[in-house]
Amino acid sequence: MLLETTDLRIGYGDGEGAMKLAVDGVSLSLDTGQTLGIAGESGCGKSTLARALMAYTRPGSRITGGQVRIDGQDILALPEAGRRAIRGRRIAMVPQNPLSSLTFHMTIGAQIDEILRRHEGLSKAAARARSIELLAATAMPDPAAVHRRYPHELSGGQRQRVVIAAALACRPDILVLDEPTTALDKTTELKVLKLVSDLRDRFGTALIYISHDLNVIARVCERICVMRDGKVVETGATRATFAAPRDAYTRMLLRAVPRTTDPSPVRPGPTPGDTQPVLRVENLNYRYAAGGLALPFLPRRKGVLAVRDLSFDIHAGRTLGLVGESGSGKSTVAAVISGLLPPGGGIVRFCGTPLRAAASRRSADLRRRIQMVFQDPLSSLNPRLSVGRILMRPLRIFFGMNPIEARAEAGRLLERFEMPVAMLDRFPRQLSGGQQQRVALARAFAARPDLIICDEVTSALDVSVQDHVLDLLLSMQAETGTACLFISHDLGVIKRVADHVIVLQNGEVRDAGPTDAVFAAPRHPYTRLLLEAARSVIDTPLSPTPAPEPAPHTDAAPGTNRGDRHA
Amino acid sequence: MLSAILRRIGLSFLILILVSLFVFAATEILPGDALDVSLTDDDLAVLTPEQLAEMRAALGLDRPAAVRYIDWLSGALVGDFGTTILTGAPVGDIIWGPLRNSILLAVLTTLVAVPVAMVIGIIAAWWRDRAPDAIVSTGAVVGYSLPEFVSGNALILLFAIWLPIFPATITLYTQGPMLDMLVVAVLPVATIIIGSIAYLSRLLRLGLIESLASDYVERARLAGVPERRIVFVHAVPASLVPTLNAAALYVAGLLSGIVVVETVFAWPGLGLELINSIRKREVTVVQAAVFLGAVGVIIMNLLADLSIIALDPRVRRGAGRG
């Protein structure tokens, strides 16, 4: 057996001297050229396990029991020098975030060369030649030039190619990929997955692919093992496991994955016809101001055009989904409507009245009627205020309630969002990510808004938690008749919540219409590409061959230097 | 890259002009002019208004402030700070010796403090939260908290009085030979670097701990790169960037410390000259000394910025175009 773990246990200190187990008795095996997916939600111990396979633990944790054998040799028994000789040579890692995983002050070449020189003792020139070959193998355009570049000069997708090239430098037998595409856009992810599969075929490398995304694992891995709380709950062939999951947790995970084939939300009430829309946007244009000092004698640089000629309506009780990848301008639209950015060109009408000012200059009532919820609840909830104070604030400010009334109402809201009233006295940090986001939603609904803007509100959540939050949002919307602008990069999520959808790319509308119609018959190739990238292969797990080569415009844009992270 | 450097130099120059304006205005706002300030009550009792007006005209003080400013600035930029009010000697001649001595002090301090602080910072980060870190970190807090007049006098007591190795005060002429200056510089330099080393090593330790916990260091470790190479090739240059930023700000504060040290040791430098000139009400010398001090701070900041440009390709090769 190439790689085998038996009863592996990894503990970490909880601050009081006691050890808690992050990985609790994991046994798995991998043979030459095989692919194994490790799936699980945040905190299940999958990243800790991945590092332990390389006899590495992060500070604060340590391996407390079990073995990791490569070709029968227990690498945990090796001294540090012996472990280091294995890392990068026999087993290599592609870490999660390509944007932070390369040393910013060293050239791409220097970072690949050092691995070759260390493990294979190559000369400077030989290492350089091999690095350029490796970069070429990852389908990097102009590898010799990239060798001289610095990380910040490449896009997120390109940087992930560099990290993969560095991992493959010494032709390791095993490649461990820890959420390698989670920080990337979906279309970029598709290309990276294809690259990984190609390289695996070419070099015969065995893969361990760690991800929270069952869809990605279905695309790449022959076998899967599902982890929960440090334990493996189910393991087997990917296709068979997805077709007939044995464990209840696996079934729950599979059910929770939003699919682009899910039914659209059912909206009661008459179809909006001649009623006035809550929000009407006509020919919205927005250009960011150019950065840097305005120096005399130099022509003023033009800012980036973030949104071009965008028009749409949202009626009461309806949801418009705004879809796009990083840099598409979708968050700019939200910021302009909510007033976080000053108004741009075009007209934004809210219940018939044009919105002409930034939020700070809008009336209190207008601010009440438009509420916004952000991606990261921890940074949008004041850490010094209890949940009760957070929820009471809009009630007291907008409705003039006295503290007793406000607290009672805050309690009711919390229960409506399926949290116990006792949580009123907790602080945001004491809540789980899903609970935090429910508090953020409850705060928005506390203002009884006419329009709620949700900007990637579930992107940071685990799928099972996301499912619950979306259910709550849908039922709350049905109850209050609030209109919703829902921004997401996830087409499955959009399908679940939105009646209408707009697909944005580089600030321009690529497709628009009822969600069912657009998803069933996309007109623009970009929409087709996004749908292909989001297509659930869980229900019909094909052989792990990735999708066709996507169109070439999303990956190679180093000029913007914003990476492909969903922000 | 060139444009980034030129922009920084241009900005420094702009700051320099603003500082000169401020220095000039500060002496201008005071009631009376340079002559009134320089003359004693006895002088005023003797001199007639006609004589005073004559002296004013001779010194050019009867011209409008703007003209005098331009005149002063154009001189200052080429090192000509005019003449003293009382003796008529060129300010440049008076200020040159002290300036050289202060620069000597600053250069010696930098040459000793920076490498020592780096070694200490690396040691503390390497053995983070263990004995060497605890010792070094405690020492740093003590060192940083000690005011220069305390540490300076303590060093004099130890190494000049109890163990008479070094002279307690400097009795040299302002333009003594360099070698003699080096010997007497030991105690003043030691006084200044106690605080500097403490502060700089703390900064570096913090930056290094942060970069050693970064994703890129973990990636390099998982690629089997030896730990020594990770520290010195990956982490140290990365941690120098924030350290230099903070160190440049620290230099401004250091200037006041140098004034104290020069007073404690009677070091014939710019700080001592400044204090003496204030006492003697030599307005033109005060202007020159303050201006040169500001130039020093601006140069140190410029050097820090240029080092950052050299270290950080994100600054050097901005906005993603290679």
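Throughout, protein chains are lettered first and strands after them, A, B, ... in sequence-line order, and every chain is numbered starting at 1.
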**Message:** Given heavy-atom pairs under 4.5 angstrom as the criterion, report whether the side chain, backbone, both or neither of I115(A) touches chain B.
**Reply:** side chain
**Request:** Heavy atoms only: give me the nearest A238(B)-F104(A) pair and the separation to one decimal.
**Result:** CB-CE2, 3.6 Å
**Item:** Heavy-atom pair of closest approach, residues E114(A) and A220(B)
**Value:** OE2-CB, 4.5 Å
**Request:** Name the region of V163(A), side chain, backbone, both or neither, that has any atom closer than 4.5 Å to a heavy atom of chain B.
**Result:** side chain
**Asked** Under a 4.0 Å N-O cut-off, is there an ion pair linking R58(A) with E218(B)?
**Response** yes
**Asked** Under the 3.5 angstrom rule, does the side chain of H119(A) hit a backbone N or O of A223(B) as a donor-acceptor pair?
**Response** yes
**Complete:** In terms of heavy-atom pairs under 4.5 Å with chain B, the winner among L102(A), I86(A), T107(A), V94(A) is L102(A)
**Message:** Please check if the number of heavy atoms outside E227(B) that lie under 6.0 Å from its CD is greater than 12.
**Reply:** yes
**Item:** Nearest atoms (heavy-atom pairs only) where R87(A) meets L222(B)
**Value:** CB-O, 3.3 Å
**Asked** Which atoms form the tightest heavy-atom contact between P313(B) and H152(A), and what is the distance?
**Response** O-CE1, 3.2 Å
**Request:** Pick one of side chain, backbone, both or neither for V217(B), based on which atoms fall under 4.5 Å of a heavy atom in chain A.
**Result:** neither
**Item:** Contact leader toward chain B among A167(A), G88(A), A110(A), where contacts are heavy-atom pairs under 4.5 Å
**Value:** G88(A)
**Message:** Counting C-beta onward and ignoring hydrogens, is there a side-chain heavy-atom pair between H105(A) and L311(B) closer than 4.5 Å?
**Reply:** no
**Asked** So is R221(B) actually on top of Y56(A)'s ring, under 6.0 Å and inside 45° of the axis?
**Response** no
**Other residues, nucleotides, ligands: >12 heavy atoms within 6.0 Å of R62(A) CZ** = no
**Asked** So with a 6.0 Å cut-off around CZ of F203(A), is the heavy-atom count from everything else above 12?
**Response** yes
**Message:** Can you confirm whether R219(B) sits close enough to Q111(A) that some side-chain heavy atom of one is under 4.5 Å from a side-chain heavy atom of the other?
**Reply:** yes
**Asked** Within a radius of less than 6.0 Å around CE of M300(B), do more than 12 heavy atoms belonging to other residues, nucleotides or ligands occur?
**Response** no
**Minimum-distance pair of heavy atoms, taken over all atoms of T103(A) and Y216(B)** = OG1-CD1, 3.3 Å
**Message:** Is A166(A) in contact with chain B via its backbone, its side chain, both, or neither, using a 4.5 Å heavy-atom distance?
**Reply:** side chain
